[in-house]
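In what follows, chains are A, B, ... by sequence order, proteins preceding strands, each numbered from 1. Since this is a predicted model, take the numbers as computed values, not measurements.
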Amino acid sequence: MIKQSKNLYLHADGDSFFVACEISVHPELKGLPVIVGGDRGIAVAMSSEAKALGVTRGMPIFQIKKLFPQVVILSHHFDLYHDIQRRMHEILLKYFCTIEEYSIDECFALVEPSEVKYFGGEKKLLTALKKEIEETLHVTYSIGLAKTKALAKQASKLEKPNGLVMLLSKEDEVKALKATLIDNIWGIGRKTVPDLRRLGIKNAYDFVNYPEKEIEKKFSKPLLVLQKELGGEPILEVESNINPRDQKSIQSTSTFHPASTDPKIIWREISENAEHACRNVRKIKLVSNKVSFFVKTSEFKYYIDEVKLTEYTADPGVILDALEPKFLKLLRAKKRIRSTGVILHNLIREEEVPLDLFGRQKKKLSNLVVEEAADKIRKKYGEDIIKRASSLRKRETKNKK
DNA sequence: TCTGGGGTCCTAGGACCC
DNA sequence: TCTGGGGTCCTAGGACCC
């Protein structure tokens with residue numbers, strides 16, 4: 001890719017995105033303390049009113065109900081969020097050629113000089129963009145514009161919600177860097193913060209000005225990249241064409257309560273996870289030849305194992321047969337298990353499956369044909385209509401406390 | 001923060017080869 | 001051959017992200 005020195009980078013970050021999407025279709029909820037996450041047992045997104053009450057991300061629902069009974073608790077509606085994401089994408093493409101969907105509620109865009117010129121300046125461009133988003137989607141995004149991706153990402157955080165922060169001069173950058181604490185930097189997590197603090201680095205400005213050689217010596221490569229990016233040297237590119245079929249792994253995990261030591265119950269959860277993950281893999285026409293699975297104890301200890309399959313597949317039957325011999329070993333000493341997960345790795349497209357000696361794709365058929373037929377029925381009648389026998393919940397088990 | 005679900009990338013170290 | 005050096009590939013696990 002050619003790097004033009006005058007290119008800028010934009011980051012758009014949806015404000016309380018899931019909640020904002022819900023309010024866009026239920027305007028009567030506007031102004032109320034609203035959270036999304038009811039179906040997962042913790043608050044995943046909060047309206048500003050809910051935040052003001054003291055609800056934080058990850059707070060358990062039972063606790064919210066007890067402390068703040070006035071909070072409106074909603075479940076996820078991913079179809080709605082994806083729809084708004086798609087329309088946001090369309091709007092951005094009217095303004096920029098190169099955009100990247102970074103997550104469901106965040107995007108980057110490469111802002112080329114000609115695009116700025118067309119609107120008569122950065123400020124005019126972004127004001128027009130924000131106006132169109134709000135009027136069309138009825139949600140708001142906080143926007144950052146800067147010389148690099150990492151700077152744009154920090155900029156969008158500075159005036160949330162509904163912010164518009166442009167870091168176009170060195171002075172702007174310095175001010176923003178000084179205002180950004182070390183534990184609020186994209187790419188610096190819990191483990192690295194104490195190491196940096198020990199070196200006397202308190203904010204992004206200190207970080208950028210710390211000797212590069214020392215950072216290189218003491219930390220991993222991504223941190224060095226981050227230092228340069230925050231210093232104004234563009235290294236990270238906007239990666240367009242994010243295609244679900246380029247995904248490298250797909251997982252399905254689930255937590256259940258009460259935690260259990262019963263291998264039958266735990267295996268049933270794993271079985272459901274395997275089916276769910278396979279279904280999602282088939283939806284985008286991929287197959288896997290490496291599967292890992294884990295159990296997590298009530299003390300949050302992970303036990304994980306994996307199997308390499310002899311062929312590429314998206315058939316839960318094949319996968320469960322391969323996992324089963326390792327399952328009891330995984331459970332170890334009768335620990336209480338609170339959650340399980342199945343992860344399909346090495347995903348490739350169905351048509352990329354290596355051919356055998358006779359030039360045929362290895363027999364993917366038989367069972368997979370059955371699964372594909374079942375997928376069609378699910379599409380028509382809903383996800384839970386068909387399940388494998390090992391995933392079926394016995395009523396007695398479910399109704400017991 | 002008593003704690004959900006879904007991802008990516010990097011690195012150290014072992015296996016294997018010459 | 002009990003002994004050097006160097007390269008590649010793979011995997012487990014860590015760290016980070018939303």
Just to confirm, is there a sub-4.0 Å distance from OP1 or OP2 of C/dC17 to any side-chain nitrogen or oxygen of A/S103? no
Nearest-Å distance once atom C1' is located in both C/dC17 and B/dG4: 15 Å
Geometric class of the A/F327/A/F293 ring pair [parallel <30°, tilted 30-60°, perpendicular >60°]: tilted
Using atom CD of A/E101 as one end and atom P of B/dG7 as the other, report the distance to the nearest whole Å. 15 Å
Mind checking if A/G41 touches a base, just sugar-phosphate, or nothing, with heavy atoms under 4.0 Å? nothing
Spacing between A/R190 atom CZ and C/dG14 atom P, to the nearest angstrom: 17 Å
Phosphate contact (B/dG5 OP1 or OP2) by A/Q251 side-chain N/O below 4.0 Å: no
Does C/dC16 have OP1 or OP2 under 4.0 Å away from a side-chain N or O of A/T192? yes
Any base atoms under 4.0 Å from A/I185, or only sugar-phosphate, or nothing? Heavy atoms, all strands. sugar-phosphate
With heavy atoms under 4.0 Å as the rule, sort A/F62 into base, sugar-phosphate or nothing. sugar-phosphate
Shortest side-chain distance from A/I304, nucleotide among B/dG6, C/dA15, C/dG13: C/dG13
Do A/Q85 and A/E101 have side-chain atoms, one donor and one acceptor, less than 3.5 Å apart? yes
Could you state the CG-C1' distance from A/L224 to B/dC9, rounded to the nearest angstrom? 16 Å
Between A/N273 and A/T253, do the side chains contain a donor N or O and an acceptor N or O under 3.5 Å apart? no
N or O in side chain of A/K153 less than 4.0 angstrom from C/dC18 OP1/OP2: yes
Which comes earlier along DNA chain B counting from the 5' end, the contact point of A/S220 or that of A/T253, where each point is its nearest nucleotide? A/T253
Which comes earlier along DNA chain B counting from the 5' end, the contact point of A/F219 or that of A/R57, where each point is its nearest nucleotide? A/R57
Indicate whether any N or O donor in one side chain lies under 3.5 Å from an N or O acceptor in the other, for A/D172 and A/S169. yes
Does OP1 or OP2 of B/dC2 have a side-chain N or O of A/R338 closer than 4.0 Å? no
Aromatic-base stack, A/F300 on B/dT3, cutoff 5.5 Å, angle under 30: yes
Can you find a side chain N or O atom of A/K221 that sits less than 4.0 Å from OP1 or OP2 on B/dT11? no
Indicate, with a heavy-atom threshold strictly under 4.0 Å, whether A/I250 touches base, sugar-phosphate, or nothing. sugar-phosphate
Identify whether any heavy atom of A/I104 sits under 4.0 Å from a base atom; if not, whether one sits that close to sugar-phosphate; answer base, sugar-phosphate or nothing. nothing
According to the interplanar angle, ranging from 0 to 90°, do the rings of A/Y81 and A/F78 count as parallel (below 30°), tilted (30 to 60°) or perpendicular (above 60°)? perpendicular
What nucleic acid atoms does A/G189 come within less than 4.0 Å of, heavy atoms only: base, sugar-phosphate, or nothing? sugar-phosphate
Please pick, from B/dC9, C/dC18, B/dG6, the nucleotide with the shortest atom-to-atom distance to any side-chain atom of A/D105. C/dC18
Quick one: label A/S339 by what it contacts on the DNA or RNA (base, sugar-phosphate, nothing), any heavy atom closer than 4.0 Å. nothing
Is it true that A/E90 and A/K94 have a side-chain N and a carboxylate O under 4.0 angstrom from each other? no
